[in-house]
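Take a look at the structure set out below.
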Amino acid sequence: MANPRKILVTSALPYANGPIHIGHLVEYIQTDIWVKFQKLRGNKCIYLCADDTHGTAIMMSAQRKGCSEEEWIAAVSEEHQRDFAGFGIEFDNYGSTNSPENYELCKLFWQSFRNAGLVRKEAVTQLFDDEKGIFLADRFVRGTCPKCAADDQYGDSCDQCGATYSAREIINPVSTLSDTTPSVKTADHLFIQIEKLHDFLDQWTQSGEHLQSEIANYLKGHFLNEPLRDWDVSRPEPYFGFEIPDAPGHFWFVWFDAPIGYMASTKQYCDRTGEDFESWWKDPSTEIYHFIGKDITYFHTLFWPAMLKVAEFTLPKKIHIHGFLTVDGRKMSKRDGTFVKAETFLKHLNPAALRYYYASKLNNRVEDLDLNLKEFTTKVNTDLVGKVVNLASRTAKFVQQTGLSPEYPEDGGLFQKAAEAGDAIAAAYEACDFNRAIRLIIELADQANPYVESHQPWNLRKDPERQQELQDVCTVALNLFRQIAIYLQPVLPEIAEKTNSLLGDPIVKWEQAASPLTGTPVKQFEHMMKRIEEKDVNNMIEESKDENETVEAEENTTQSTDSAQPLIDEPLADEITFEEFAKVDLRVARVVKAEHVEEANKLLKLTLSLGGDETRQVFAGIKKAYNPEDLDGRLVVMVANLAPRKMRFGISEGMITAAGPGGEEVFMLAIDEGAQPGQRVH
RNA sequence: GGGCCUGUAGCUCAGUUGGUUAGAGCAGGGGACUCAUAAUCCCUUUGUCGGCGGUUCGAGUCCGUCCAGGCCUACCA
């Protein structure tokens, strides 16, 4: 390789608040494969990561556990690193955002912002948990939506009506940390006036070089089409994080110091290896790549480039964004047992299988990746065990005595063809189109197996006259196998390692796939990979279900068999008097007409009869849970004296009563046989 | 409503800058082999390439439009 590139790669920093699961692993496996590929190509490439350790959630976890934050994050970090190592993910440095290196770099960034005159102070009024003594981020507040009166909504937005608001507007707010009613308090916050970098961000995000096109379009349409709001980067004490040196009592918000953690981890790497930090972050010829998930897009595509720009560091060459993991077409779910922890996976299955499966599915787009468990099993067994490893296992023992032929035999151009495929495979890896790379590689195995088949080494073996031929056939097969092992090394380093043990020639360079191995001994063949058994997959899912039940049981303080979750999600409301209750006029009503509303996602239009000629038109958010035809004639319980409300599709004259979180899980109140429309519910 | 993406065989997908009769893997059916982890190899069925319209000598590929699905965003109890 003429000019090795210098490449710095990161994955998002996992939050130090929970275990690594198979959803996280999409990103770390994707990044690790890309890094291993770059290293195999002979580039100077380092892979950095760290635990993201600051913020309120960490404080709460430590408190619940009864230990200090430092103890908590140390334990989590150890677990994270153990899990990553279990999947063959190799970092050149794994740090922590709670490190002295990170603090120093934060100060440096901060000073740059100060010098550039971008910091502004403003008083912010927030809810405050008196019992815990802390300000409450929106998601730690629940209460009644000020727009639609839905109960038990988060402090920033309503699940039911989608309205967004500040936690201060929410009705009957409750702190989820202490279940107490928060008070209102004002504190100064520090903001970065990111709008002053608008032109730069326009140009950087839209250049077509750094972001996938769909991401560039998204930013253009949602953020860059209007002035950027100032970014609130401080939190008043108490807050687990770094105190801002020139603003005592104020701490940097976790999202300020988290990406800087990439650099702090680099710093640790450099201190350990004696390399020059600036050659990684200040040298424009160094390529910086960030791999992240779509959930943290704007922190990395707006704030982070802005920070680097102001502090005069090298901007990322590419921010590579991937989608989420689904299992069997659905979101990972604790109840279904598809929320599989890395640790649990390793108890039942080979990590190489997951690396291979993810690789075979990953492409360059911001698409969700589906782990189909049936396909997972057949793909790994058919491709890897049946086709790839089989090449070695069916031929190696015939040349155990003789080793490989001294000269590479005639093979009909198979080796040459596979060597030439190297460029296309490399291009696919480089572009993060691993799906394509795998397809190209498996094609090679599909060509190699018929070769063995047609040359029948098992028959040659019986004929003393044809021993040379036998050696030649196996030499070809093992070389074709080795090419595949080299191409797959970024995905399956263990297979490459075992190939090395078998053939005695370590795989260290991509170019090795271009020249055959000859005249070397062949060791006894040992299994390289076990088939996946369906029962192992099932056991893993079952154990994940059990884990979840255990967790629920721990959280469940009552003896009842019903989950305590609903009450946790929505604590009991304040006591009211009978008179207050009596204000709500609940009536039995009959659905006389139920119809779809064009263009409404959640609403059905109901005409309710209260008996006689009294009818009410009500829009109810139950479209996803009920078919209109199933409702006709049914008795429901409605709030009959609710003030009419104008909605986009007409006036709603009341509400029907139902329980459940919304969406498909809405359960209407039914009333026993005999009730008459118009009767009041007491 | 707005933005983005997707729609090709039962399933997962490939189809390069438009160019002959549209492909692969898996699954299904038939056969062969027995070296190999019940692995492998050969043969084989299936497609209005989401619909319609257009550009072109020629469209799975380009343009328009509609339909369906997904993600995001907004509105809506």
Side-chain angles (χ1 to χ4, degrees), chain A residues 145 147-150 157-164 212-223 225 294-295 297-298 323-324 326 329 360-361 363 365-368 370 372 374-379 381-398 424 427 433 435-436 438-440 442-443 445-446 448-462 470 473-474 477 525-533 597-606 618-623 639 642 645-656 658 662 666:
Chain A
C145 172
K147 292 245 173 74
C148 73
S157 66
C158 174
D159 279 347
Q160 294 298 302
C161 72
T164 55
Q212 287 132 302
S213 58
E214 55 262 55
I215 298 296
N217 289 338
Y218 163 75
L219 296 173
K220 194 175 168 185
H222 287 97
F223 296 96
N225 61 343
K294 63 183 180 183
D295 51 329
T297 294
Y298 75 89
F324 295 147
T326 55
S360 78
K361 297 289 252 185
N363 61 28
R365 283 182 294 228
V366 191
E367 266 173 10
D368 288 355
D370 186 46
N372 180 299
K374 182 81 176 53
E375 187 196 27
F376 169 67
T377 308
T378 59
K379 198 168 199 127
N381 289 347
T382 307
D383 290 0
L384 290 185
V385 182
K387 290 178 180 170
V388 175
V389 171
N390 189 227
L391 272 174
S393 90
R394 71 193 305 198
T395 54
K397 75 170 185 186
F398 299 140
D433 198 351
N435 161 272
R436 184 184 179 81
I438 296 294
R439 246 191 359 258
L440 292 170
I442 294 303
E443 263 177 36
D446 280 335
N449 273 307
Y451 171 87
V452 176
E453 201 76 18
S454 65
H455 289 79
Q456 307 186 24
W458 54 92
N459 286 335
L460 296 176
R461 161 181 77 144
K462 298 172 192 159
L470 172 64
V473 167
C474 295
F525 180 80
E526 281 168 27
H527 269 15
M528 293 186 172
M529 190 170 196
K530 254 182 39 207
R531 303 173 66 75
I532 297 180
E533 304 213 21
V597 183
E598 284 292 314
E599 296 175 14
N601 294 331
K602 300 176 182 172
L603 297 180
L604 289 183
K605 181 177 170 183
L606 304 179
V618 171
F619 289 94
I622 57 172
K623 176 176 177 158
V639 184
L642 191 66
R645 188 179 184 91
K646 187 170 177 305
M647 294 174 60
R648 192 167 127 212
F649 312 106
I651 306 261
S652 188
E653 307 166 311
M655 277 176 78
I656 60 163
V666 173

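Given the structure is predicted, the values throughout are model-derived calculations rather than measurements. Below, read A as the first sequence line, B as the second, and so on, with proteins coming before strands; counting in each chain starts at 1.
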Within this structure, what is the [atom1]-to-[atom2] distance between [X] and [N], rounded to whole angstrom?
| X | N | atom1 | atom2 | value |
| --- | --- | --- | --- | --- |
| A/Leu440 | B/U16 | CG | P | 14 Å |
| A/Lys387 | B/U37 | NZ | C1' | 16 Å |
| A/Lys294 | B/C5 | NZ | P | 14 Å |
| A/Met528 | B/U37 | CE | C1' | 13 Å |
| A/Phe376 | B/C26 | CZ | P | 18 Å |
| A/Asp295 | B/C71 | CG | P | 15 Å |
| A/Glu443 | B/A24 | CD | P | 11 Å |
| A/Glu375 | B/C26 | CD | P | 12 Å |

With heavy atoms under 4.0 Å as the rule, sort [X] into base, sugar-phosphate or nothing.
| X | answer |
| --- | --- |
| A/Pro457 | nothing |
| A/Lys397 | sugar-phosphate |
| A/Phe398 | sugar-phosphate |
| A/Asn449 | sugar-phosphate |
| A/Val389 | base |
| A/Arg439 | sugar-phosphate |

Sticking with atom [atom1], work out how far [N] lies from [M], rounded to a whole angstrom.
| N | M | atom1 | answer |
| --- | --- | --- | --- |
| B/G28 | B/U46 | C1' | 10 Å |
| B/U34 | B/U16 | P | 43 Å |
| B/C41 | B/G25 | P | 10 Å |

For a salt bridge (Lys or Arg N to Asp or Glu O under 4.0 Å) check, start with the C-alpha distance between A/Lys387 and A/Asp446, then their side-chain angles and the critical distance, and finish with the verdict.
CA-CA 7 Å; A/Lys387 290 178 180 170; A/Asp446 280 335; 3.2 Å; yes
5'-most by nearest nucleotide on RNA chain B - A/Arg365 or A/Lys361
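The answer here is A/Arg365.
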Of A/Asp446 and A/Glu214, the one whose closest RNA chain B nucleotide lies more 5'
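Its nearest nucleotide lies further toward 5', so the answer is A/Glu214.
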Checking A/Asn459 against A/Gln456: is there a side-chain donor and acceptor pair closer than 3.5 Å?
yes
Across all strands, who's sitting opposite B/G1 as a Watson-Crick or G-U wobble pair, both distances under 3.5 Å?
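Its partner is B/U73 (Watson-Crick or G-U wobble, both distances under 3.5 Å).
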Across all strands shown, which nucleotide pairs with B/U16 by Watson-Crick or G-U wobble geometry, both distances under 3.5 Å?
none
Distance below 4.0 Å between A/Arg461 side-chain N/O and B/C35 OP1 or OP2:
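Looking at the OP1 and OP2 atoms of B/C35, one of them is under 4.0 Å from a side-chain N or O of A/Arg461.
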Within less than 4.0 Å of OP1 or OP2 of B/U16, is there a side-chain N or O belonging to A/Arg436?
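So the side-chain polar atoms of A/Arg436 never come under 4.0 Å of the phosphate oxygens OP1 or OP2 of B/U16.
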Considering only nitrogen or oxygen atoms on both sides, find all protein atoms under 3.5 Å from nucleotides 8-11 of chain B and state each distance.
none

